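Note that the structure is predicted; figures quoted are calculated from it, not measured. Per chain, numbering begins at 1; letters A, B, ... match sequence-line order.
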Protein chains: 2
Amino acid sequence: MSRRSGILEFAVLGLLRESPMHGYELRKRLNTSLGVFRAFSYGTLYPCLKALVASGWLIEETDGAPEGVPAAALTGRRAKIVYRLTAAGKEHFEELLAHSGPDAWEDEHFGVRFAFFGQTSRDVRMRVLEGRRSRLEERLERMRTSLARSRERMDDYTLELQRHGMESVEREVRWLNELIESERAGRDQRPTDSAAQDKNQSGDTGGLPRHRGGSRPDPSDDTTT
Amino acid sequence: MSRRSGILEFAVLGLLRESPMHGYELRKRLNTSLGVFRAFSYGTLYPCLKALVASGWLIEETDGAPEGVPAAALTGRRAKIVYRLTAAGKEHFEELLAHSGPDAWEDEHFGVRFAFFGQTSRDVRMRVLEGRRSRLEERLERMRTSLARSRERMDDYTLELQRHGMESVEREVRWLNELIESERAGRDQRPTDSAAQDKNQSGDTGGLPRHRGGSRPDPSDDTTT
DNA sequence: TTCGTCATGTAATGGGTTACATGATTAC
DNA sequence: GTAATCATGTAACCCATTACATGACGAA
């Protein structure tokens, strides 16, 4: 049936874990929390929500009536659906959170995974951060050798582009190093449960992993309700 | 008929302008010249090449036999097609080069456009660079306000991500500033014609515009033949 | 009453990858 | 002889966007 999307599924589950929401608001949150990395349109979000409901991870509630109402049919008025995470959904999300395999540090996933680091265990965080770092280091290596081999064939602009590219990757590696450092140094943000409330530790420096290429409409979307 | 792709078409035309090539080699060049930004698989490239031939921008030549040979049918041996830019193709490419509209500075296009800056006039270069800069400045503005509005709702990691994201964009803006500066300062690389040969001017600093999000297989491809 | 924004959806399309099928040529 | 890499292609998907259709609600 309908659309799934992996990363979107993950993000939706993660956001709904904090509190139930309309699809509409969900999208706004998505486009600011994950902001620079990804944006999703309704054409992606709504079908995905339906699929998540079908899987039992979410339930729909019509805005006024709590719990059991099967959504649709409410005095003829239009939908207005609030999505709420089910117990199964929560469990499923926690499983997803625990995965720290290779795709967790690929470009498209890493940013989103990072955005939900606050809900993961430090173990997972470390594995993901280190995975990404070595990923980028390989990339850097490949860039260096391929640059060495074809430097003469490139004109100034191509070269400049290449250089800036490498520097950006290098910069992300430094960021990761700092993050890893400060993870090692013992911060131990709540391994799994509940939402934001402790904003103590800090001392990291940063920069972004990478912001997505695709022609995001650069969401003029806002955040707060 | 077959697939077009805009940006791929542009890049292919641009590379073939320097010299005729096999599809195979074209792909390698694509994945190193444009390296960090985009990568294309054969499933994208070959159909696109066929489409370009159909449009008359390219002609196919079978590897040994020069000029007129209609490709296919050469003692039963397998294809081995060399693609060569036609006069019409060259003209078309120059038209594309001259466009400096908004999409030239969108994420997906900008990198590729920049890679071929050596073949554009300074006017176009300036417009594209300035366009991108103001594009990023808008984005920055939006990030700042949306961050201001929802800072409290975000946990440390989300915040950190946001910060790194902004810094990356800021960094690209600085890079663009330097490039614009040095364009203004009068370098005047050959407005249009021919390929790389003068690698005199320099003195720019740099960094990359942005590397594409999508799960590129991180092309293990090499460059030189 | 009209405008903005909240709110939900879908069909058409775009742009791309993966996996596969096939085979030639080169280097060891 | 066998592995790597050169070389060309295609069909089946995947993920997402665009543009559209529909409508409620609040504020000016």
Side-chain angles (χ1 to χ4, degrees), chain A residues 1-9 11 21-28 30-31 37-51 53 60 62-64 71-72 74-83 106-109 212-225, chain B residues 1-11 21-28 30-31 38-51 53 60 62-64 71-72 74-83 106-109 212-225:
Chain A
M1 200 176 256
S2 286
R3 240 73 75 78
R4 219 38 101 75
S5 160
I7 202 59
L8 178 55
E9 173 177 333
M21 264 179 271
H22 287 148
Y24 188 89
E25 197 192 340
L26 205 43
R27 179 180 172 255
K28 280 192 305 182
L30 236 41
N31 290 214
F37 310 95
R38 282 180 143 298
F40 293 96
S41 55
Y42 298 123
T44 316
L45 179 58
Y46 283 118
C48 173
L49 284 171
K50 295 300 179 191
V53 169
E60 309 184 323
T62 42
D63 215 359
L74 189 75
T75 352
R77 273 133 89 292
R78 213 185 199 276
K80 280 222 178 181
I81 300 163
V82 175
Y83 290 92
E106 288 305 316
D107 293 329
E108 345 80 274
H109 287 45
R212 110 170 175 72
S215 68
R216 256 183 316 91
D218 224 349
S220 39
D221 298 295
D222 15 34
T223 323
T224 3
T225 325
Chain B
M1 200 176 256
S2 286
R3 241 73 76 75
R4 218 41 99 76
S5 163
I7 201 59
L8 178 55
E9 172 176 334
F10 182 88
M21 265 179 272
H22 288 146
Y24 188 89
E25 197 192 342
L26 205 43
R27 178 180 172 255
K28 280 192 305 184
L30 236 41
N31 290 211
R38 284 180 141 300
F40 293 97
S41 56
Y42 299 123
T44 316
L45 179 59
Y46 283 118
C48 173
L49 284 171
K50 294 301 177 192
V53 169
E60 309 184 323
T62 44
D63 213 359
L74 187 75
T75 354
R77 280 148 64 302
R78 210 181 202 278
K80 280 222 179 182
I81 300 162
V82 175
Y83 291 93
E106 286 307 316
D107 292 330
E108 344 82 272
H109 286 48
R212 109 170 176 73
S215 69
R216 256 182 316 93
D218 223 348
S220 39
D221 298 294
D222 15 36
T223 325
T224 1
T225 326

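- Straight-line distance from the CD atom of A:E108 to the P atom of D:dC14: 16 Å, rounded to whole Å.
- Using a 4.0 Å heavy-atom cutoff across all strands shown, B:G23 reaches sugar-phosphate atoms only and no base atom.
- At D:dT17, one or more side-chain N or O atoms of A:T44 fall inside 4.0 Å of OP1 or OP2 (strictly under the cut-off).
- The CD1 atom of A:I7 sits 11.0 Å away from the CD atom of A:E106 when rounded to the nearest 0.5 Å.
- Atom-to-atom distance recorded for B:I81:CD1 and B:K50:NZ is 3.5 Å, nearest 0.5 angstrom.
- As a whole-Å value, the separation of A:K50 NZ from C:dT8 P is 9 Å.
- Here D:dC14 presents its P atom at 16 Å from CZ of A:R38, a figure rounded to the nearest Å.
- For B:N31 and D:dC6, the CG to P distance is 13 Å, given to the nearest whole Å.
- Picking from D:dA7, C:dC6, D:dG9 the nucleotide with the shortest atom distance to the side chain of A:K28 gives C:dC6.
- Nucleic acid contact for A:S41: base, since at least one base atom lies under 4.0 Å from a heavy atom of the residue.
- We find the OG-CZ distance between B:S5 and B:F40 to be 5.0 Å, quoted to the nearest 0.5 Å.
- Separation of atoms CZ (A:R27) and NE2 (A:H22) is listed at 16.0 Å; rounding is to 0.5 Å.
- Atom CG in B:L45 sits roughly 12 Å away from atom C1' in D:dA7 (whole-Å rounding).
- Rounded to whole Å, atom C1' of D:dT5 lies 11 Å from atom NZ of B:K80.
- Rounded to 10 degrees, the angle separating the terminal helix axes of the helix from C:dT1-D:dA28 to C:dC28-D:dG1, each built from five base pairs, is 30°.
- Atom C1' of nucleotide D:dA7 and atom CZ of B:R27 are separated by 12 Å, given to the nearest angstrom.
- To the nearest angstrom, P of C:dG15 lies 16 Å from CG of B:D107.
- Applying the 4.0 Å criterion to OP1 and OP2 of D:dT8, one finds that B:Y46 has a side-chain N or O inside that range.
- Which of D:dT10, C:dG15, C:dG9 sits closest to the side chain of A:Y42 comes down to C:dG9.
- Considering only residues two or more places apart in sequence or on other chains, B:T44 meets the side-chain hydrogen bond (donor to acceptor under 3.5 Å, both in side chains) condition with B:S41.
- Rounding to the nearest 0.5 Å gives a distance of 8.0 Å between CZ of B:R38 and NE2 of B:H109.
- For B:Y24, the side-chain atoms get nearest to D:dA7 when compared with the rest of D:dA7, D:dG9, C:dG16.
- Annotation: ring-ring contact (aromatic ring centres under 6.0 Å, His included) contacts of A:Y46 (sequence neighbours excluded): A:Y42.
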